[in-house]
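One structure is given below, encoded as structure tokens.
Remember, it's a predicted structure, so these values are computed and weren't measured experimentally. Index from 1, following the sequence.
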Amino acid sequence: MAADITKHLYVYCWVSFCVLFMFIKLAKSDNYIVHMDISAMPKAFSNQHTWYMATLSSVSAKSKAETNPTIPSSKLIYTYNHVIQGFSASLTPAELESLKNSPGYVSSVKDRVVKVDTTHSFEFLGLNSGTGAWPVSSFGKDVIVGVIDTGVWPESESFDDDGMSDVPSRWKGECESGTQFNSSLCNKKLIGARFFNKGLIAHNSNITISMNSTRDTEGHGTHTSTTVAGTYVKDASYFGYAPGTARGMAPMARVAMYKALWEEGAYTTDIIAAIDQAITDGVDVLSMSLGLDEVELYEDPIAIATFAAIEKNIFVSTSAGNEGPDVATLHNGTPWVITVAAGTMDRDFGATLILGNKVSINGLAQYPGNFTSTEFPIVFMDTCSNKTELSKIKQKIIVCQDPGKEDSLDDQFNNIQAAGNIAAVFITNSSSVDEFVQSPFPAIFLVQKDGDTVVDFTKSNTDPKASIVFKKTILGIKPSPRVTSYTSRGPSYSCPLVLKPDIMAPGDSVLAAWPPNIAAARVNQDLVFTNFNLLSGTSMACPHVSGIAALLKAVYPNWSPAAIRSALMTTSDQIDNTGSPIKDIGGNLRPADPLAMGAGHVNPNKALNPGLIYDATVQDYVDLLCGLNFTQQQIKTITKTSSNNCSNPSLDLNYPSFIAFFNDRGAKPNSTTVVEFGRTVTNVGDGSFTYKANVTPINGLKVTVEPDTLVFKTKYEKKS
């Protein structure tokens, strides 16, 4: 039976005869990313593209001859120049099998859906105009950051190019025209805009792309790109919350947007085409708030594509994902990129509940509407579970006590919203309260201690009244930062022997630019719009690090991506603003561990002078791949070459962190397990320095460093 024809036989029998029906169903094509060995290309072909086209034509013709001439032929989607040696194409199962026998075929993977990981932060990070990373780096001047995302709103004030010099002559990118997007919309700040959706269209030929251009219809890309490098915008706020001057991490850096994430879907074929183009265009930094879950390195197109980027000395910043607080939920655990976790800032948004006895209580709130400061009767309705009673109460502020059960706050919230009460006070210790603060109705969220004060007031007064004042921004919140509960945790699925995530950055309630035609919130049943929005997620943490990497790139243009990553990690903070270890909201406020926050919270000013760096070359990554016992074909898929040197395989990458796995099951009493790591550090400080190892004791473990003292006499000297 032919490989790409599915046959179903049905036999219906009566007393006198039987009838045989055979239904033939044409097999469906699917998208594949195909890796080829360029050394196998016949000399008759002038370039890879013509070879791939000829190969696909041959495969298609052979498949038709062997099966059915009515089956649609294969279709080339992209030819890739940097990220892989190969192409993507729409193939039937028979065509794929035929392709595997073609000269030069190495491997293939099916196209996959990509997951998107969806202002005061510069001050919280210590960035200021007078000293440190901003003035030393000239605010990231002329560093080009490529952002792969949902597109951009070019008219945003955050892309204003006043005071910027001419676009660097090394830039090879373009500003592509498309639906509601003219090439003239780019400027000296937004220097590139391209879009990629051939893979998406190949998945569904009948699809209608709502905005076939780089224009952002979701807001995510506008937000992330302006977090990286937005220019100064005065009087920015989210409906009055977080008022002030908004700016990105590298205000003088350039932005190039590569739209590969669409409302209609997002696929790896388009993502890696965007990375491929970004490499060609000449970006210095790549920022990607997206990822794939549970994929091996040699089957992860994004990991393979970013290997090509670091070969070109491009720093790649990625998000850890939003699947916390469980361990081993992280994506982008790729050894050659930086993986960013999300933390809180020392800023809260809220409201003040003023009781009739003039006692004021602050709580969390991000209600975007206007609310009168008039006093209303206030009533305690216990768990707010009686919908009938709630619906009878109209002109009163309702107080709800969260019983702390699973989804109980969600149920209360929905009950109040359905009842249409004037306002609500939720008393809760839930770690998921951030999911509710942007409420479409007036609501304030109080911790239990403050809630008890409110309940006592309602019970001890015959006619209790209160008022609520919204749109409060509170700075200096302690303790901060804290690890968010949603940020995904290590170890990495694809490479658990390299500790991930690498670092933490602000990801909670980050203010950045927003398309003015996309609703940012809801007030009752009405949609409301704004030029700046507050979003949370590792999607927001990633561009912070992308922008800070751009600052370092401006100061140290010749540093490798590994050197920049090392500087960021080894200078990060493990202590919060109270002088205590950073706490983990998802870990019941226990001290955060490296599987949650990596090396610590990013500190851009300290990263300018790391003293020592843990550098890594492309060969170091090849040694790791060899040590992982990947086959030569699997390694070739990543490195794009057959001449991989596996003479020194090693699982011990020269990385600024360590992770050891101990199996205590079946271990003998009083037995000892020893794990040894080797590292080489490079002195990047001017002059001679002496470093002495200082190890914090760990219960159950004995840690030693040999030698415990390193003496450097010259800059760039290496010691192991």
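Counting only heavy atoms from C-beta outward, the side chains of Trp336 and Pro561 never approach each other to under 4.5 Å. Looking at heavy atoms from C-beta onward, Thr538 lies out of side-chain contact with Val340 at the 4.5 angstrom threshold. For the pair Ser289 and Met540, the minimum side-chain heavy-atom distance is 4.5 Å or more. Between Asp270 and Tyr78, the closest side-chain pair of non-hydrogen atoms falls below 4.5 Å. Looking at heavy atoms from C-beta onward, Asp111 lies out of side-chain contact with Tyr32 at the 4.5 angstrom threshold. Here the side chains of Ile148 and Leu286 are in contact, with some heavy-atom distance below 4.5 Å. No side-chain heavy atom of Trp262 sits less than 4.5 Å from a side-chain heavy atom of Ser210. Counting only heavy atoms from C-beta outward, the side chains of Ile314 and Val285 never approach each other to under 4.5 Å.
Between Ser177 and Ser183 the shortest heavy-atom distance is OG-N, 3.1 Å. Closest approach of Pro154 and Phe159 over heavy atoms only: O-CB, 3.9 Å. The minimum heavy-atom distance between Tyr486 and Gly537, with the atom names listed, is OH-N, 3.2 Å. In terms of heavy atoms, Ser165 sits closest to Asp142 at OG-OD1, 3.6 Å. Between Thr222 and Pro515 the shortest heavy-atom distance is OG1-CG, 3.8 Å. For Gly221 against Met257, the heavy-atom pair with the smallest separation is O-CE, 3.6 Å.
Taking the six-membered ring where the residue is Trp, the centroids of Tyr52 and Phe87 are separated by under 6.0 Å.
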Trace of the side chain to side chain contact (heavy atoms under 4.5 Å, CB included) decision for Phe181 with Cys175: CA-CA 9 Å; Phe181 198 104; Cys175 197; 3.8 Å; yes

Working for side chain to side chain contact (heavy atoms under 4.5 Å, CB included), residues Leu534 and Phe349: CA-CA 10 Å; Leu534 291 171; Phe349 307 113; 3.6 Å; yes

Test log, rule side chain to side chain contact (heavy atoms under 4.5 Å, CB included), inputs Asn212 and Phe195: CA-CA 8 Å; Asn212 197 30; Phe195 58 101; 3.6 Å; yes

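The main-chain N or O of Ser57 is never found under 3.5 Å from a side-chain atom of Ser60 such that the two would form a donor-acceptor pair. No donor-acceptor pair closer than 3.5 Å links the side chain of Asp161 to the backbone N or O of Asn187.
Heavy-atom contacts from other residues, nucleotides or ligands closer than 6.0 Å to CG of Asp410 number more than 12. The 12-atom threshold is not exceeded at CD of Glu157, counting heavy atoms of other residues, nucleotides or ligands nearer than 6.0 Å. Annotation: Met53, atom CE; neighbour count of heavy atoms from other residues, nucleotides and ligands within 6.0 Å does not exceed 12.
Side chains of Ser546 and Ser287: a donor on one and an acceptor on the other come within 3.5 Å. Using modelled atom types and a 3.5 Å distance limit, the side chains of Glu263 and Thr217 yield a donor-acceptor pair.
Checking Arg170, Arg194, Lys172 one by one against Asp281, the salt bridge (charged side-chain N to carboxylate O under 4.0 Å, His left out) holds for a single residue, Arg194.
Below 30°, between 30° and 60°, or above 60°: for Tyr367 and Phe371 the angle between ring planes is above 60°, a perpendicular geometry. Using bins of under 30°, 30° to 60° and over 60° for the plane-to-plane angle, the ring pair Phe139/Trp134 lands in the tilted bin.
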